[in-house]
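Here's the structure we're looking at; comments come further down.
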Amino acid sequence: MVQSGSMNSQGTITFVGAGPGAVDLITVRGATLLKEADLVLYAGSLVDRELVRTYAVDAELFDSAGMALTEIITIMLDAVAAGKQVVRLHTGDPSIYGAIQEQMTALDRLGIEYRVVPGVTSAFAAAATLRQELTMPEVSQTVIITRMEGRTPVPEREALRRLAAHGATLALYLSVGMIDTMVTELLAGGGYHETTPVAVVSRASWPDELVIEGTLADIAHKVRAAGISKQAVILVGEALAARTKGMKARSLLYDESFSHGCRA
Ligand code: SAH
């Protein structure tokens, strides 16, 4: 937009989820905001500059990968004070391991308004790649999004072996580099077994996307052999057996004997 950077217009800040990677997996709203942006601060470690440029053709671009929080906030503040439309672009959905709360808190303290636009988180992109429902009737109706403890601690009550007791469908982010420990923890929880299916989807929705499937008994070995050490989501749970074994349980929603609001 030609005029949006002028001193007369009011500056805005919007946190936008870019989606998992593919250029066309951003929301229509997110893409529109990028088109209208004067300045885009993107998390360059995971968001592709090409995606940013596809929509934000003329905007000033900043890669936040090497920046500290104060630097990020300063850039946003200066831009919004100059009446610019600012997009803070995060990978996937900004609410999942996006470190947006600290940015929003800083803006709150300064009395600066902002909005958030969701995005497709990588666990859902991975499920789409696999063509897999994560909530299978009579198998699991729960999806747990979690991670292995890294430099960011995980509260003890959410330790992986405790979550593993449920046997629910699990989506693990930021953990593929610790897959051996992950397997040990999952097997210690009681809810999974050596035969429990696991799928590792690396760079879901990107041209070089890679899928490794196995069980808790062999997945660590397979992942190492494939050389996957980052940017992968790990899905675990009996629900994943639906494609390979075929599931007896089906949803009541499309069952002929089940009536509901839309069908007598
Ligand atoms: N906010 C992001 C997650 C950021 S944390 C989201 O909603 O997806 C970074 C982690 O996300 C990576 O370690 C990896 O586990 C996952 N990730 C991000 N993009 C991915 C992709 N295209 N395919 C698989 N995993 C991805």
Side-chain angles (χ1 to χ4, degrees), residues 14-27 29-30 40-52 54 63-67 69 72 87-104 116-132 134 143-154 158 160 163 169-183 185-186 198-214 219-220 222-224 226-237 240:
T14 314
F15 292 85
V16 174
V23 167
D24 54 354
L25 277 179
I26 191 169
T27 64
R29 185 181 295 182
V40 180
L41 247 168
Y42 66 103
S45 51
L46 283 169
V47 177
D48 188 20
R49 197 180 172 94
E50 284 306 303
L51 180 146
V52 185
T54 302
D63 178 356
S64 65
M67 293 185 190
L69 179 63
I72 294 169
V87 168
R88 174 71 176 116
L89 195 64
H90 283 269
T91 181
D93 183 88
S95 74
I96 301 292
Y97 308 119
I100 56 166
Q101 207 63 49
E102 62 210 64
Q103 300 172 57
M104 297 192 293
V116 181
V117 175
V120 176
T121 194
S122 32
F124 298 156
T129 292
L130 296 169
R131 296 177 295 170
Q132 174 66 57
L134 301 179
V143 179
I144 298 176
I145 291 180
T146 189
R147 61 170 297 172
M148 290 284 290
E149 182 162 296
R151 277 185 303 170
T152 306
V154 172
E158 295 176 4
L160 198 53
L163 298 181
T169 305
L170 268 190
L172 284 121
Y173 288 59
L174 298 157
S175 300
V176 76
M178 294 169 269
I179 195 151
D180 290 285
T181 322
M182 182 204 83
V183 167
E185 289 298 303
L186 290 179
V198 185
V200 176
V201 183
S202 157
R203 291 177 62 78
S205 87
W206 292 77
D208 56 351
E209 158 187 282
L210 192 62
V211 177
I212 308 284
E213 290 197 79
I219 197 69
K222 286 182 173 176
V223 162
R224 261 196 312 276
I228 299 173
S229 61
K230 57 178 184 175
Q231 232 187 321
V233 156
I234 306 165
L235 299 175
V236 183
L240 299 181

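Every number for a ligand or one of its atoms is a count from 1 in the order of the listing.
In terms of protein heavy-atom proximity, atom 1 (N) of ligand 1 is closest to Ile96 O, 2.7 Å. Of the protein's non-hydrogen atoms, the one nearest atom 24 (C) of ligand 1 is Val201 O, 3.4 Å. When hydrogens are left out, the protein atom nearest atom 23 (N) of ligand 1 is Ala204 N, 2.8 Å; that is the closest non-hydrogen contact. Annotation: atom 9 (C) of ligand 1 to nearest protein heavy atom, Leu46 CD1, 3.5 Å. Remark: minimum distance from atom 2 (C) of ligand 1 to any protein heavy atom is reached at Thr91 O, 3.3 Å. Closest to atom 6 (C) of ligand 1 among all protein heavy atoms lies Thr121 OG1, 3.3 Å.
In this structure, His90 falls outside the shell of residues with a heavy atom less than 4.0 angstrom from ligand 1. The shortest heavy-atom distance from Ala232 to ligand 1 is under 4.0 Å.
Proximity of a side-chain donor or acceptor of Glu149 to a complementary backbone N or O of Val154 within less than 3.5 Å is detected. When atom types are taken as modelled, the side chain of Ser202 and the backbone of Ile228 share no donor-acceptor pair closer than 3.5 angstrom. Formation of a donor-acceptor pair under 3.5 Å by the Thr54 side chain with backbone atoms of Val52 is not found in this model. When atom types are taken as modelled, the side chain of Lys222 and the backbone of Glu213 share a donor-acceptor pair closer than 3.5 angstrom.
Residue Leu174 places at least one N or O, backbone or side chain, under 3.5 Å from an N or O of ligand 1. For the pair Ser122 and ligand 1, the shortest N or O to N or O distance falls below 3.5 Å. Taking any N or O of Gly92, backbone or side chain, none lies under 3.5 Å from an N or O belonging to ligand 1.
Scanning both residues, Val47 and His90, for their nearest heavy atoms gives CG2-C, 3.8 Å. Of all non-hydrogen atoms in Ala22 and Ser205, the two that sit nearest each other are N-OG, 3.0 Å.
A donor-acceptor contact closer than 3.5 angstrom links the side chains of Thr121 and Tyr173.
For the pairing with Val176, the side chain to side chain contact (heavy atoms under 4.5 Å, CB included) check across Val233, Ile212, Val201, Val200 returns one residue only, Val200.
The contact set between ligand 1 and Tyr97, taken as ligand atoms under 4.0 Å from a residue heavy atom, comprises 4 (C), 5 (S).
Taking only non-hydrogen atoms, the option from Tyr173, Trp206, Phe124 nearest to atom 11 (O) of ligand 1 is Tyr173.
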Stepwise side-chain contact (heavy atoms from CB on, under 4.5 Å) test for Thr146 and Leu172: CA-CA 5 Å; Thr146 189; Leu172 284 121; 4.1 Å; yes
